[in-house]
Amino acid sequence: MNQPFTPSTALPDGNGMFGRFGGRFVAETLMPLINELRDEYAAAKADPEFQRKLAYFQTDYVGRPSPLYFAERLTEHFGGAKIYLKREELNHTGAHKINNCIGQVLLAKQMGKKRIIAETGAGMHGVATATVAARFGLECVIYMGTTDIERQQPNVFRMKLLGAKVVPVTSGTGTLKDAMNEALRDWVTNIDDTFYIIGTVAGPHPYPAMVRDFQAVIGHETRRQMQEKEGRLPDSLVACIGGGSNAMGLFHPFLEDASVQMIGVEAGGKGVATGQHAASLNGGTPGVLHGNRTFLLQSEDGQIIDAHSISAGLDYPGIGPEHAWLHEQGRVEYVSATDDEALEAFQICCREEGIIPALETAHALAEVAKRAPTLPRDHLMVVNLSGRGDKDMMSVAHYLGDKFQ
Amino acid sequence: MSQANSTDGISRIERCFAALKAQDRPALVSFLTAGDPNPDTSQRLLDGLPEAGVDIIELGMPFSDPMADGPAIQKAALRALDAGQTQAKTLAMVNRFREKNQDTPIVLMGYYNPIYCYGVERFLEDAARAGVDGLIVVDLPPEHDDELCTPAARHGIDFIRLATPTTDAKRLPQVLANASGFIYYVSVAGVTGVGAATPDSVERAVADLKRHTRLPIGVGFGIRTPEQAATIGRFSDAVVVGSALVDHIEQAATPDESVSRVHGLVRELAQSVRRCREEEVVS
C-alpha cells in the first residue's frame with residue numbers, strides 16, 4: 001500500500017530541511033564550520049576524483065559489494081516471502097557503519113583536519129571510525145556512555161587496539177545521546193583541527209544528507225543484484241532503525257519506486273506502551289535535539305527522556321529527520337519490535353542460517369518473523385543484515401540466562 | 001498582573017545601558033539556572049541579585065541536554081530538573097520577581113526544545129506578560145530566525161545574538177541583522193565555564209564588533225573573578241559571569257549558604273566593575 005509520493009531526491013532544501021524536519025539547530029560557534037562542511041561535501045559529490053577514491057576504498061578496503069544472499073532456510077522456516085539478506089555484516093569491521101566513515105574520513109583529509117571525533121552506542125560506529133582514522137593516520141577520540149562501555153566490552157577493546165582514545169561519558173544515562181552531547185562539546189572546543197564523524201543520518205545539515213548518500217551504496221547494490229538474480233525489483237525492504245542510517249541507505253535508492261514497500265523497525269524495548277523503549281516515531285513527538293528537528297522521546301516540557309533497548313545501537317531518543325519526514329508522508333511504514341522479539345529472531349537466524357546477527361539487526365528480523373509467513377512465495381523481501389553479533393555475545397548470554405548454564 | 005516590558009517605546013535593556021553609559025561603567029550580568037538548587041532557594045537567589053549589584057539578569061531555562069554548557073551548568077540544569085523545574089515555573093519566577101522590581105532587565109537563556117514544546121506563540125505571550133525582556137537561545141542561529149527571533153520581536157522581546165571567535169567578517173552581517181538588546185560575545189570557542197581567552201584578543205574582537213553595530217557588546221565565557229570582570233569591563237559594555245556563581249550553589253552545604261555565597265561573589269564583582277574604568281585612568 002503506497003500513497004502517491006513526491007520524490008525526495010531534491011531534499012533537503014537549502015536550509016537542510018526535509019519538510020519541517022532537519023535544519024541546523026547548533027550554536028553559532030559551529031555554524032561557520034558546518035556551512036564549510038556543506039560546501040566541501042557538495043564539491044566532493046561532484047568531483048570525479050573524490051568519487052574514484054571513495055569507490056576504491058569501498059572495494060579494496062571495505063570489501064564491497066556486499067552479497068545479496070538468498071536465505072533459503074529462513075524462507076522455509078517462515079514459509080512465506082522469499083527472503084534475501086543484504087550482507088552488510090560482511091563488510092570490514094562487521095557492519096554498514098564503515099560505508100559512511102570511509103566517505104567522511106576522505107572529506108576530513110581533504111579539509112586538512114588532523115583529529116577525528118565520534119560518538120558511539122554499540123561501538124560499531126566507534127570501531128569503524130577508529131579503523132579509518134588508523135588507516136589515514138589521524139588522531140581519534142571516541143565518546144561512549146559508561147552504560148554502553150559495560151555492555152559492549154569487546155568493541156571498547158577493539159577501538160583501543162586501533163589506537164583510539166575511548167572517553168567514558170557519565171552524564172545522563174551514559175548512553176548514545178550523552179555520548180553525542182559530549183562529542184558536540186569537544187567539537188565546539190576544538191573547531192580548528194577536528195572533524196566530527198557523525199555515525200547516523202542525524203545531526204545538523206549536511207550530516208543527514210551526507211551520511212544518507214554514503215550509505216546509499218547499500219540500496220544501489222541491492223537494486224542491481226536483485227535485477228541479476230530475479231530480473232525485477234524487490235517487493236519489500238526491511239531494516240532496523242536507531243538513528244536510521246542502514247535503513248536510509250537501503251531505502252533511499254528505491255523511494256521513487258512505488259511498488260517497493262519499505263518497513264523500518266524501531267526498538268520497542270519492553271513494549272512501546274511501557275514507556276521503556278527507543279521508538280521515537282511510534283512513541284515520540286516532534287522536537288529539536290542535536291542540531292535537527294525530528295521525532296524525540298521527551299516529556300511535555302521538552303526534556304529528553306532516556307531511551308531503553310536491549311541493543312545499545314538503537315538506544316537513542318531520536319531518529320534521522322528524513323525518516324521523520326518519510327513517516328509523515330506515509331512512504332515508509334515504521335513499526336517496532338520488543339527486546340524479547342529481537343532475541344527470539346536473533347536465535348532463529350543463528351540456527352537457521354548460521355549467521356549471528358547484531359542485536360540491532362535482530363529487530364529487523366523480528367519484523368520478518370511477523371510479516372514473511374503472511375506473504376506469498378513470490379514476494380521478494382530484502383532484509384538489511386546491518387551488522388554481525390560478535391559484540392553482543394555477553395549481553396545475549398546475560399539475557400538468555402540459564403540457557404547457557 | 002500584566003507587565004509591559006517597555007514603556008514609552010524604550011525597553012528596560014536600553015534604559016539600563018543608557019544609565020550605565022552615563023556612569024561610564026559596564027553592566028554586570030549574572031547567570032543562574034532557574035530552579036537551581038530548588039524552587040524556593042532559586043527565587044531568593046533571583047530576588048536578591050539587583051540589591052547585590054547585578055544590572056542585568058540572565059536566567060537559565062534548564063534543559064536535559066545542554067550541548068553548549070560545561071560541567072557546572074550541566075549539573076545546575078540537572079539539579080533544577082530533579083527539583084521539578086518546568087518552563088511554566090521559570091516564567092512564574094519572573095512574574096514574582098517583577099512584583100517587586102520593575103527596572104532590572106531579565107533575559108531568559110537556554111535551548112530551543114523546551115520553548116518549541118511549550119509552543120512558541122504561547123511562550124512569547126506568557127514571557128512578555130511575566131516581564132521577560134530578552135531571549136538567548138543557544139541553538140537558534142540566524143538561519144532559523146523565523147522560528148523564534150522574528151516572532152519575539154512582535155512581542156517586544158529582544159533576541160540577543162551570540163557572536164563567537166569563529167564568526168568571520170563574511171558571516172557577521174547575518175548574525176547582526178535581526179539582533180536586538182545587546183550582542184553577547186562568546187569569548188572562547190568552547191563550552192561555558194571552561195577556559196578563558198586572553199584579554200587582548202577579546203578587546204580586538206569587541207572593537208571589531210563595535211565597528212559593525214551600535215548595540216552594546218557584552219562578553220561572557222571564562223569570566224570568573226572580580227579581576228577578570230574588571231579587565232574585560234574596561235572595553236566592553238557588559239560582563240557576564242555564570243559558571244563561577246553556579247559553582248557556589250554546588251559547593252554550598254545548605255540553601256542559605258548558597259544564597260549568601262552567590263550574593264557575596266556578586267557584591268565583589270559589582271564593586272569591581274563599578275571601579276574598573278577609574279583604575280584604568282590611575283594606572
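Just so it is clear: chains get the letters A, B, ... in the order the sequence lines come, proteins before strands, and each one is counted from 1.
Interface remark: B:Phe63 contributes backbone and side-chain atoms alike to the contact with chain A (heavy atom separation under 4.5 Å). With a threshold of 4.5 angstrom between heavy atoms, A:Gln298 approaches chain B through side-chain atoms but not through N, CA, C or O. Using a 4.5 Å cut-off between heavy atoms, A:Leu296 touches chain B through its side chain atoms alone. Neither the backbone nor the side chain of A:Thr285 comes within contact range of chain B, judged by heavy atoms closer than 4.5 Å. Both the backbone and the side chain of A:Pro286 come within contact range of chain B, judged by heavy atoms closer than 4.5 Å. Both the backbone and the side chain of A:Ile304 come within contact range of chain B, with heavy atoms under 4.5 Å apart. When heavy atoms are compared at a cutoff of 4.5 Å, B:Val137 does not approach chain A at all. When heavy atoms are compared at a cutoff of 4.5 Å, B:Pro66 approaches chain A by way of both its backbone and its side chain. Of the atoms belonging to A:Asn35, it is side-chain heavy atoms, and not backbone ones, that fall under 4.5 Å from chain B.
Ion pairing between a basic and an acidic side chain is recognised when a charged N comes within 4.0 Å of a carboxylate O; A:Arg115 and A:Asp192 show no such pairing. A salt bridge is absent between A:Glu139 and A:Lys113: the closest approach of a Lys/Arg side-chain nitrogen to an acidic carboxylate oxygen does not fall below 4.0 angstrom. One finds no salt bridge joining B:Lys75 and B:Asp82 here, because no Lys/Arg side-chain nitrogen approaches an Asp/Glu carboxylate oxygen to under 4.0 Å. By the 4.0 Å N-to-carboxylate-O rule, A:Lys114 lies too far from A:Asp193 to be salt-bridged with it. At a threshold of 4.0 Å, the pair B:Asp126-B:Arg129 counts as salt-bridged, since one of the basic side-chain nitrogens sits closer than that to a carboxylate oxygen. Under the 4.0 Å criterion applied to side-chain N and carboxylate O atoms, B:Arg171 and B:Glu143 are assigned as salt-bridge partners.
Between chain A and the options B:Gln74, B:Met67, B:Arg161, the largest number of non-hydrogen pairs under 4.5 Å is found for B:Met67. Note on B:Leu140, B:Leu81, B:Ile115: by heavy-atom pairs under 4.5 Å with chain A, the leading option is B:Leu81. Put simply, of B:Pro62, B:Gly190, B:Ala68, the one with the most heavy-atom pairs under 4.5 Å next to chain A is B:Gly190. Counting heavy-atom pairs under 4.5 Å between each of A:Ser171, A:Gly287, A:Pro204 and chain B puts A:Gly287 at the top. Most heavy-atom pairs under 4.5 Å with chain B: of the set A:Lys177, A:Arg293, A:Glu300, A:Glu182, this distinction falls to A:Arg293. The candidate from B:Ala163, B:Pro114, B:Gly70 with the greatest count of non-hydrogen atom pairs under 4.5 Å with chain A is B:Pro114.
Taking the six-membered ring for Trp and thresholds of 30 and 60 degrees, A:Tyr316 and A:His290 have nearly parallel ring planes, at less than 30 degrees apart.
Heavy-atom minimum distance, A:Asn282 versus A:Ser336: ND2-N, 4.1 Å.
Partner B:Tyr111 forms a side-chain hydrogen bond (donor to acceptor under 3.5 Å, both in side chains) with one of B:Asp139, B:Asp69, B:Asp65 and no other, that one being B:Asp69.
The 12-atom threshold is exceeded at CD of B:Glu121, counting heavy atoms of other residues, nucleotides or ligands nearer than 6.0 Å.
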